[in-house]
Amino acid sequence: MADEAKLEKIRHSMAHVMAEAVLEIFPDAQIAIGPAIDNGFYYDFDLPRSLSEQDLEDITERMKAIIKSNKEFKRSVVTRDEAKEMFKDQKYKLELIDAIEEGSEISIYNQGGFTDLCRGPHVESTKELNPEAFKLLSVAGAYWRGKETNPMLQRIYGTAWLTPKDLRLYLDHLADIEKRDHRKLGKELDLFSLHEEAGPGLVYWHPRGARIRQAIENFWREEHYKNGYEMIYTPHVGKSWLWETSGHLGFYKESMYPKMEMDNMDYYVKPMNCPFHIMIYQNSKKSYRDLPCRWAELGTVYRYEKAGALHGLMRVRGFTQDDAHIFCTPDQMDAEIMEVLRFSLYMLHSFGFNDIHAYISTKPEKSVGEQEKWDAATEALKRAVEKEGISYDVDEGGGAFYGPKIDLKIKDAIGREWQLSTVQFDFNLPERFKLTFVDKDGTEKRPYMIHRALLGSIERFFGVLIEHYAGAFPPWLSPDQVAVIPVAESANDYACELERKLRQDGFRAKSDLSNDRMNAKIRKAQQMKIPYMLIIGDKEKENGTVSVRYRNGKQDNGLSYEAFASALKAKIDSKEQL
RNA sequence: GCCCUUGUAGCUCAGUCGGUAGAGCACCACCAUGGUAAGGUGGGGGUCGCCGGUUCGAAUCCGGCCGAGGGCUCCA
């Protein structure tokens with residue numbers, strides 16, 4: 001942990017060194033802020049022209065020279081007026097000085113030719129910075145103080161470490177991230193595509209991607225049924241009164257696709273499934289005996305995300321939520337929450353996510369629903385996480401206005417966090433739609449309503465899966481589980497026979513009868529990350545056996561078909577990685 | 001939405017000072033029948049994102065639009 005503090009000092013000091021280098025090149029540059037961040041640092045500048053890659057090299061060289069000149073970082077305290085005088089040509093600094101609270105100390109740091117308004121801390125001297133352990137990564141636009149109405153500055157991002165080896169490791173990590181990029185793998189493995197000409201942010205699932213989706217959805221449906229849910233299907237558009245009642249037109253209109261007019265009525269494409277599920281609830285009078293109702297739907301919704309926010313499968317405009325709504329009595333709430341959380345964890349584990357952290361968000365300032373309800377619901381959430389023994393953080397006041405929630409974030413194979421599951425109480429919709437149930441005593445009462453999605457959206461979940469497995473899916477999810485590769489044409493008929501048998505036994509198999517040589521076929525199957533290859537020639541044909549080549553290069557020769565099929569089935573059933 | 005970068009064949013990318021396009025892979029055909037990561041030869045395929053401007057002439061220069069990538073929440 002001492003290293004963490006040291007690193008922060010190093011990174012923050014690097015930012016100052018970078019500012020000095022930039023000022024050498026652009027003496028009139030306006031400098032803004034330059035903090036240490038995760039893995040590195042940045043500094044924002046207002047410059048007369050845009051920076052290029054070439055500039056980054058230039059700046060890097062100057063930074064190295066500054067570091068090698070062994071400048072001390074000297075801290076001093078100045079008065080407000082002194083500070084204003086020192087930075088009289090730096091309008092952003094003046095703004096910062098004005099923002100400093102009356103009575104608090106104003107400190108400056110100086111290293112050689114550069115002085116910055118700064119609360120520190122810094123290293124003692126540039127001697128402590130390793131000129132071979134940092135790298136400038138990119139230039140990006142950033143608003144002054146992050147506000148859209150402010151001028152756009154140029155931000156230079158850099159990364160800095162204690163040693164060149166640490167830098168190397170970090171750059172390798174970045175390269176790994178790039179290799180796993182689901183957009184790249186989606187193309188290479190022929191899983192999905194997006195088509196600007198047909199509408200940005202809308203996903204096309206190719207056959208190989210669709211097979212994975214079906215494996216996910218089949219599993220999802222089976223498990224939901226086993227766990228007491230009913231499947232429902234609801235429309236994709238609804239009249240405006242639905243969205244007025246739900247409040248979406250009031251709070252959410254910006255993100256909805258615009259209205260369609262028909263028969264003097266306005267229709268909207270759904271951005272959420274909830275109001276439709278409520279329609280079903282209201283279709284008949286509900287008794288406490290009918291509750292809980294657990295209704296699940298793979299519901300496709302459309303939201304008009306800002307153009308700049310779209311990102312592959314991770315942020316799209318049309319997506320399918322693995323949605324469910326639970327309507328229950330107040331008495332049932334505790335048990336339902338426990339169950340939802342247990343079920344979520346089971347689902348996430350099944351997909352190979354075992355590092356899970358929970359975030360509970362509580363009542364914000366502006367909210368609906370009585371305090372007691374919020375407290376009861378929030379307590380139920382806490383009890384549930386504690387019972388499951390997963391670590392959690394509480395985001396006080398971070399809930400939606402309509403109820404507290406719990407989000408589950410998983411860590412993927414290379415340690416990145418992704419939010420998947422969410423369980424949210426809703427004190428708003430039951431009120432707005434005047435939902436009721438008749439209780440034991442014959443009086444009408446308001447049911448609790450819980451929204452939950454375990455995978456989040458199928459599209460985004462797919463993106464996370466691709467990156468988690470780097471495209472090498474475990475057999476139960478692999479689009480092609482088995483590639484049958486004949487050594488020469490004489491084994492083609494045997495290959496076809498094997499393919500037919502495998503498919504009939506429920507496996508996803510395909511034989512490669514192309515003109516290529518066996519070596520090329522193996523290469524292709526390997527590149528498509530198919531877990532099992534059956535290499536068959538005259539030998540196997542004669543003996544009725546198969547030779548198995550695994551994705552990892554290992555090999556099992558001369559197995560009987562039955563032996564292979566049962567081993568494969570066991571692997572698929574276990575959902576294990578190969 | 002805003003800033004920077006970017007948009008050439010299905011994919012990955014070349015294309016120098018403006019003179020109406022190239023490679024590899026993929027695809028198709030033929031030859032080769034090959035035991036664990038690319039066999040050979042030949043062929044087809046692009047109004048260079050879209051619209052407009054400058055020019056004798058634009059993939060190349062200029063403007064606008066559309067899309068994609070990075071960033072815009074780490075705070076003197």
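Letters A, B, ... mirror the listed sequences (proteins, then strands); counts begin at 1.
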- Query: Can you tell me if the side-chain N/O atoms of R183(A) get under 4.0 Å from OP1 or OP2 in rG70(B)?
  - Reply: yes
- Message: What is the separation between atom NZ on K9(A) and atom C1' on rC74(B), rounded to the nearest whole Å?
- Response: 19 Å
- Y42(A), nearest nucleotide to its side chain (from rC74(B), rG70(B), rG35(B)): rC74(B)
- Task: Return yes if the base of rG1(B) and the side-chain atoms of E254(A) contain a donor-acceptor N/O pair under 3.5 Å, otherwise no.
- Result: no
- If we take the P atom in both rC74(B) and rU12(B), what is their distance in whole Å? 33 Å
- N515(A), nearest nucleotide to its side chain (from rG71(B), rC75(B), rC30(B)): rC30(B)
- Item | Basic-acidic side-chain contact under 4.0 Å: R75(A), E124(A) | no
- Message: Can you check the distance between rG57(B) and rG19(B), where both ends of the measurement are the P atom (answer in whole Å)?
- Response: 14 Å
- Note on the structure: Heavy-atom nearest nucleotide on RNA chain B taken for L51(A) and for D116(A); more 5' hit belongs to L51(A)
- Item | Nearest-angstrom distance, P atom, rC27(B) to rG70(B) | 30 Å
- Inspect the contact between R155(A) and D44(A) and indicate whether a charged nitrogen and a carboxylate oxygen are less than 4.0 angstrom apart. yes
- Whole Å only: how far is the CD1 atom of I156(A) from the P atom of rC75(B)? 19 Å
- Task: Quick one: look up who rG44(B) pairs with, Watson-Crick or G-U, both distances under 3.5 Å, and put none if it's unpaired.
- Result: none
- Counting heavy atoms from C-beta on, name the nucleotide in rA76(B), rG71(B), rC74(B) closest to the side chain of Y157(A). rG71(B)
- Message: Between rC25(B) and rG44(B), how far apart are the two C1' atoms, rounded to whole Å?
- Response: 16 Å
- Message: Counting only side-chain nitrogens and oxygens, does Y143(A) get under 4.0 Å of the OP1 or OP2 atom of rC4(B)?
- Response: no
- Task: Rounded off to whole Å, could you give me the CZ-to-C1' distance for the R315(A) and rG1(B) pair?
- Result: 14 Å
- Rounded to the Å, how far apart are D516(A) CG and rC27(B) C1'? 12 Å
- Integer-rounded Å distance: rC4(B) P and D55(A) CG: 14 Å
- From rG35(B), rU33(B), rA76(B), nucleotide with atom closest to V487(A) side chain: rG35(B)
- Taking any strand in view, what nucleotide pairs with rG67(B) in a Watson-Crick or G-U wobble way, both distances under 3.5 Å? rU6(B)
- Where the side chain of K306(A) is defined as all heavy atoms beyond and including C-beta, which of rG1(B), rC75(B), rU36(B) is the nearest nucleotide? rG1(B)
- Query: So F73(A) and H122(A), would you call those rings parallel, tilted or perpendicular, with 30° and 60° as cut-offs?
  - Reply: parallel
- Message: Using the C1' atom as the point on both nucleotides, what is the distance between rA23(B) and rC48(B), in whole Å?
- Response: 16 Å
- Task: Determine which nucleotide pairs with rA58(B), using a 3.5 Å limit on both distances of a Watson-Crick or G-U wobble pair.
- Result: none
- Integer angstrom distance from the C1' of rC30(B) to that of rG67(B): 41 Å
- Query: Taking the P atom of each, how far is rC62(B) from rG18(B), in whole Å?
  - Reply: 11 Å
- Are the charged groups of K409(A) and D407(A) less than 4.0 angstrom apart, N to O? no
- Note on the structure: Closest of rC74(B), rG70(B), rU36(B) to the P35(A) side chain is rC74(B)
- Note on the structure: Using Watson-Crick geometry (N1-N3 plus N6-O4 or O6-N4) or G-U wobble (N1-O2, O6-N3), each under 3.5 Å, rA38(B) is paired with none
- Query: Taking NZ from K84(A) and C1' from rA76(B), how many angstroms apart are they, rounded to a whole number?
  - Reply: 14 Å
- Query: For rC74(B), which nucleotide in any strand shown is its Watson-Crick or wobble partner with both distances under 3.5 Å?
  - Reply: none
- Between rG22(B) and rG45(B) - C1' atom distance, rounded Å: 13 Å
- Query: Any ion pair linking K91(A) and E95(A) (charged N to carboxylate O, less than 4.0 Å)?
  - Reply: no
- Task: State which of rC2(B), rU33(B), rU36(B) makes the closest approach to the side chain of A488(A).
- Result: rU33(B)
- For the pair K88(A) and E85(A), find out whether any cationic side-chain nitrogen is under 4.0 Å from an anionic carboxylate oxygen. yes
- Message: Whole angstroms only, please: what is the CE-P distance between M528(A) and rA26(B)?
- Response: 13 Å
- Item | Complementary nucleotide of rA26(B), counting Watson-Crick and G-U pairs under 3.5 Å | none
- Query: Should the pair F45(A) and Y43(A) be assigned to parallel (<30°), tilted (30 to 60°) or perpendicular (>60°) ring geometry?
  - Reply: parallel
- Answer with base, sugar-phosphate or nothing: what part of the nucleic acid does A36(A) contact at a heavy-atom distance below 4.0 Å? sugar-phosphate
- Query: Which is true for E105(A) with a 4.0 Å heavy-atom rule: it touches a base, it touches only sugar-phosphate, or it touches nothing?
  - Reply: base
- Whole angstrom is fine here: how far is it from NZ in K524(A) over to P in rC27(B)? 6 Å
- Nucleotide nearest A520(A) (side chain, heavy atoms from C-beta), chosen from rA38(B), rC72(B), rC74(B): rA38(B)
- Message: Which label fits Y302(A) and Y257(A): parallel for a plane angle under 30°, tilted from 30 to 60°, or perpendicular past 60°?
- Response: perpendicular
